Structure formats: structure tokens, C-alpha cells
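Here is how names work: the chains are called A, B, and so on, in the same order as the sequence lines, proteins then strands, and each is numbered from 1. Note that this is a predicted model, so its numbers are computed, not measured.
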Protein chains: 2
Amino acid sequence: MKLTEAKQQFISSWGAFGTHWGINRTMAQIHALLLVSPEPLTQDDIMEELTISRGNTNMNIRELINWGLVDRVLISGERKEFFSAEKDIWKVVKQIVKERKKRELEPMLQLLDKLEAVEGDKKDKEVKTFVDTISGIKKLGKQADKTLDTMIRAEESWFVGALMKVFK
Amino acid sequence: MKLTEAKQQFISSWGAFGTHWGINRTMAQIHALLLVSPEPLTQDDIMEELTISRGNTNMNIRELINWGLVDRVLISGERKEFFSAEKDIWKVVKQIVKERKKRELEPMLQLLDKLEAVEGDKKDKEVKTFVDTISGIKKLGKQADKTLDTMIRAEESWFVGALMKVFK
DNA sequence: ATATATTTTCAATAATTTTTGAAATTTCGG
DNA sequence: CCGAAATTTCAAAAATTATTGAAAATATAT
């Protein structure tokens with residue numbers, strides 16, 4: 001397979017992959033494109049490569065920057081802004097985990113705390129099932145939260161080695 | 001907070017949560033409803049509780065069954081079918097991990113194998129960056145694959161205890 | 001067997017999300 | 001400062017995804 005074709009397949013698959021994870025196709029494609037680009041790209045480069053509009057490009061680049069996956073790069077002597085993606089995949093994963101934890105897991109845990117304190121007699125089957133379910137989710141969620149915290153602080157080399165000793 | 005209100009909030013949040021994970025709102029809401037129901041429910045119960053159409057209910061229940069999260073339950077003396085959700089959250093998580101691994105991670109790893117074998121001189125910066133990126137993703141992906149396999153086989157009690165010793 | 005209850009399907013419709021493109025704003029060299 | 005280049009915004013349009021509801025298929029009681 002030629003590089004051009006391989007690149008296109010990667011970008012397109014990464015985009016499809018993203019949609020299963022609540023990330024929009026274009027954002028994932030821009031990320032993929034930057035991941036495989038040796039040099040930082042401009043907005044125009046990205047527009048052209050992916051044949052998408054200026055507005056769309058701009059919004060999704062900004063979103064990638066919010067997620068901490070892409071950086072603005074200044075190139076001296078150039079007026080335009082350049083963008084580049086973090087290439088270390090372990091850092092990328094940690095960054096995504098960090099953001100999703102903050103945006104999704106933590107608010108969910110807060111809600112569960114409130115819901116667990118529902119009024120009513122625990123001898124009532126309805127109440128008991130509700131409280132038990134919420135408690136179960138909360139327990140696992142809290143555990144996941146702690147585990148992810150540690151993972152975010154971990155080095156890849158350490159992670160890969162040590163984890164396999166536990167999960168044996 | 002009263003049970004009715006708490007239940008509604010849980011169902012609605014679980015639905016919103018689902019959309020961040022590529023699961024449609026209704027499917028997640030039906031799942032949430034079944035999770036907090038002490039007894040199995042019929043399609044009509046679900047339709048009424050969530051005020052959604054028969055077709056929608058039917059399709060999403062079927063999808064939940066495909067995911068292995070909901071079971072058909074036969075109740076003797078009843079003509080209608082009843083549905084109930086697995087209440088053990090650890091089992092639920094393992095089931096979801098198992099399915100997503102099969103549906104997403106494994107196909108992605110297969111693609112990466114193909115893409116890594118791209119033609120071209122590795123001294124070419126374009127080629128080198130591409131291959132390095134793909135290799136990096138593949139390496140982490142393969143590792144994740146193995147780790148998830150072990151997790152799928154694990155007991156919760158073991159998982160919760162042992163994992164915290166590593167991630168300390 | 002037949003009638004009736006129940007489940008499933010799927011084309012049409014509705015809702016939501018994404019994308020466009022042109023106008024407004026900002027940035028920066030001269 | 002001025003003017004051109006670059007970036008950002010956002011209302012409208014397009015594309016995608018979810019939902020409805022009625023008809024078809026299936027299952028079951030009598």
C-alpha cells in the first residue's frame with residue numbers, strides 16, 4: 001500500500017472510530033491528520049487535505065486544543081498559525097482520560113451521591129433496588145476514579161510492565 | 001428527594017451519559033429503567049414509563065439483548081414477554097468491555113497491522129512519521145487488548161483489591 | 001383452525017448534529 | 001494608523017441519526 005492511500009485509510013478509520021466514542025468525525029480526522037504529519041500544518045493545509053470548510057476546520061481545531069490534544073505552534077517568519085498534535089500516544093490517552101474523567105465521571109459520581117440519599121423505607125422493594133443499584137454503580141465508579149488518577153500520573157513504561165504482572 | 005424524582009433523574013442522566021459513549025439516549029434510558037426495577041418489565045411498561053413508541057422500545061430492547069445487558073424473562077401464566085437487566089454492575093462493565101473490544105479495538109488493530117506495512121523509504125520523513133505513529137498506537141492498543149482480556153476474566157473483589165496495590 | 005394478543009419491521013417523519021460560507025473581528029507588517 | 005491577511009463567529013442548509021406508527025408477521029389460547 002502506498003503512503004497516500006494508507007494515510008487516507010487511517011484518517012477515515014480514525015474518524016469512524018471517533019464517532020463510537022462521542023467525538024465527531026471531523027475532529028477525529030483532523031487529529032489523525034496531525035498525528036501522521038511530520039511538520040505542523042496550517043488551517044489551509046487541513047482544509048485542503050480533508051476538503052472541509054474553513055469554519056468547520058477552525059471550530060474543530062479549537063476543540064482539539066481545548067482537549068489538550070493539539071497545540072498552536074509559532075513558526076518564525078510565518079504569519080499564519082500552525083498546529084501540531086502530541087505524538088506520544090500514551091500522553092494522548094492520558095490526556096483523553098483526564099478530560100473525560102473531569103467532564104463525565106466526576107459529575108456522574110456527584111449525582112449518584114445525591115440519588116443514593118433518596119427518601120423512603122429500604123424495606124420497600126422499589127426503594128431497595130434503586131438504592132442498591134445506585135450504590136453499586138457508585139462503588140465501581142469511585143474505584144475507577146481512583147484508578148484513573150493513578151494511571152494519569154503513571155509513566156507508560158511502568159504501566160505496561162507493572163499492569164501485566166497484576167493482570168496475569 | 002422522592003423515589004419517583006430520583007428514578008427520573010437517574011434515567012435521564014444515564015441517557016445523557018450514554019450519548020457521550022456512542023450509545024443512543026433511548027437505549028441507555030431503557031437500560032437505566034431496568035436497572036432500578038425490582039421486577040422484570042414488559043414492553044408496554046417501558047413504553048409507558050419513558051413515553052416512547054412501541055417500535056422504538058422494541059428496537060432498543062433488542063439492541064440491549066444483543067449487547068448482553070438485558071435478558072428476556074418468561075413469567076409463567078403471562079402471555080407477554082418480560083425483560084430484566086443484569087444488576088451486578090461489575091458484570092455489566094465486563095460485558096460492555098467485551099463487546100466494544102470485539103467491535104472496535106480488534107478491527108482497529110487489524111487495520112493498523114496493514115497500515116504499518118506501508119511501502120516507502122523510512123528515511124523519508126513522511127513515511128517515518130506515519131509508521132512511527134501507527135506503531136505507537138498499535139503497541140498501546142495491543143497492550144490494552146491483553147489487559148482487557150484479563151479484566152474480563154477477573155472477579156470484581158479481586159480487581160478492586162489487587163489493582164489498588166499496583167496503582168498506589 | 002380461528003381469533004386475538006403480541007412482537008417485529010420499516011418507510012416516512014422528526015429531531016439532532018454537523019457543515020458551510022460569508023460577514024465580522026482580530027492580528028500584524030509596513 | 002492603514003490595509004491586507006488571517007481567524008472567528010454563527011445563522012442557514014445539509015447530513016445524519018432517532019423515532020413514530022401502522023402494517024405485517026408471529027405466537028398462543030380456546
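In the region residues 15-41 of chain A, proximity to DNA chain C at under 4.0 angstrom, judged on heavy atoms, holds for A:Asn24, A:Thr26. For the segment residues 56-77 of chain B, residues with any heavy atom less than 4.0 angstrom from an atom of DNA chain C are, sorted by number, B:Asn58, B:Met59, B:Arg62, B:Arg72.
Partners of A:Arg79 by side-chain contact (heavy atoms from CB on, under 4.5 Å), not counting sequence neighbours: none found.
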Could you walk me through whether A:Asn56 and A:Ser53 pass the side-chain hydrogen bond (donor to acceptor under 3.5 Å, both in side chains) test, one step at a time? CA-CA 5 Å; A:Asn56 196 10; A:Ser53 71; 4.8 Å; no

side-chain hydrogen bond (donor to acceptor under 3.5 Å, both in side chains) evaluation trace for A:Ser135 with A:Glu116: CA-CA 7 Å; A:Ser135 303; A:Glu116 200 180 23; 2.8 Å; yes

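Look at NZ on B:Lys80: it is 16 Å from C1' on D:dT26, rounded to the nearest Å. D:dA6 atom C1' lies 10 Å from atom CZ of A:Phe83, rounded to whole Å. In this structure, A:Leu50 places its CG atom 11 Å from P of C:dT19, rounding to the nearest Å. The CE-P distance, from B:Met47 to D:dA22, rounds to 12 Å in whole Å. Between the C1' atom of C:dT6 and the CG atom of B:Asp45 lies a distance of 14 Å, rounded to the nearest Å.
The pair B:Lys7-A:Glu126 counts as a salt bridge, with a side-chain nitrogen and a carboxylate oxygen less than 4.0 angstrom apart. Between B:Asp132 and B:Lys122, at least one side-chain nitrogen of the basic residue sits less than 4.0 Å from a carboxylate oxygen of the acidic one, meeting the salt-bridge criterion. With respect to A:Lys102 and A:Glu99, a salt bridge is recorded, a charged nitrogen being found less than 4.0 Å from a carboxylate O. Taking the charged nitrogens against the carboxylate oxygens, A:Lys98 and A:Asp149 have no contact shorter than 4.0 Å, which rules out a salt bridge.
Evaluation of atom-type donor-acceptor distances gives no pair under 3.5 Å for the side chain of B:Arg54 against the base of C:dT8. With hydrogens and angles ignored, a donor-acceptor pair under 3.5 angstrom links the side chain of A:Arg79 to the base of D:dA5.
At least one side-chain heavy atom of B:Trp67 sits under 4.5 Å from a side-chain heavy atom of B:Arg100. At least one side-chain heavy atom of A:Met108 sits less than 4.5 Å from a side-chain heavy atom of B:Phe17.
Contact annotation for B:Glu81: backbone-only contact, meaning every heavy-atom pair under 4.0 Å involves sugar-phosphate atoms and none involves a base.
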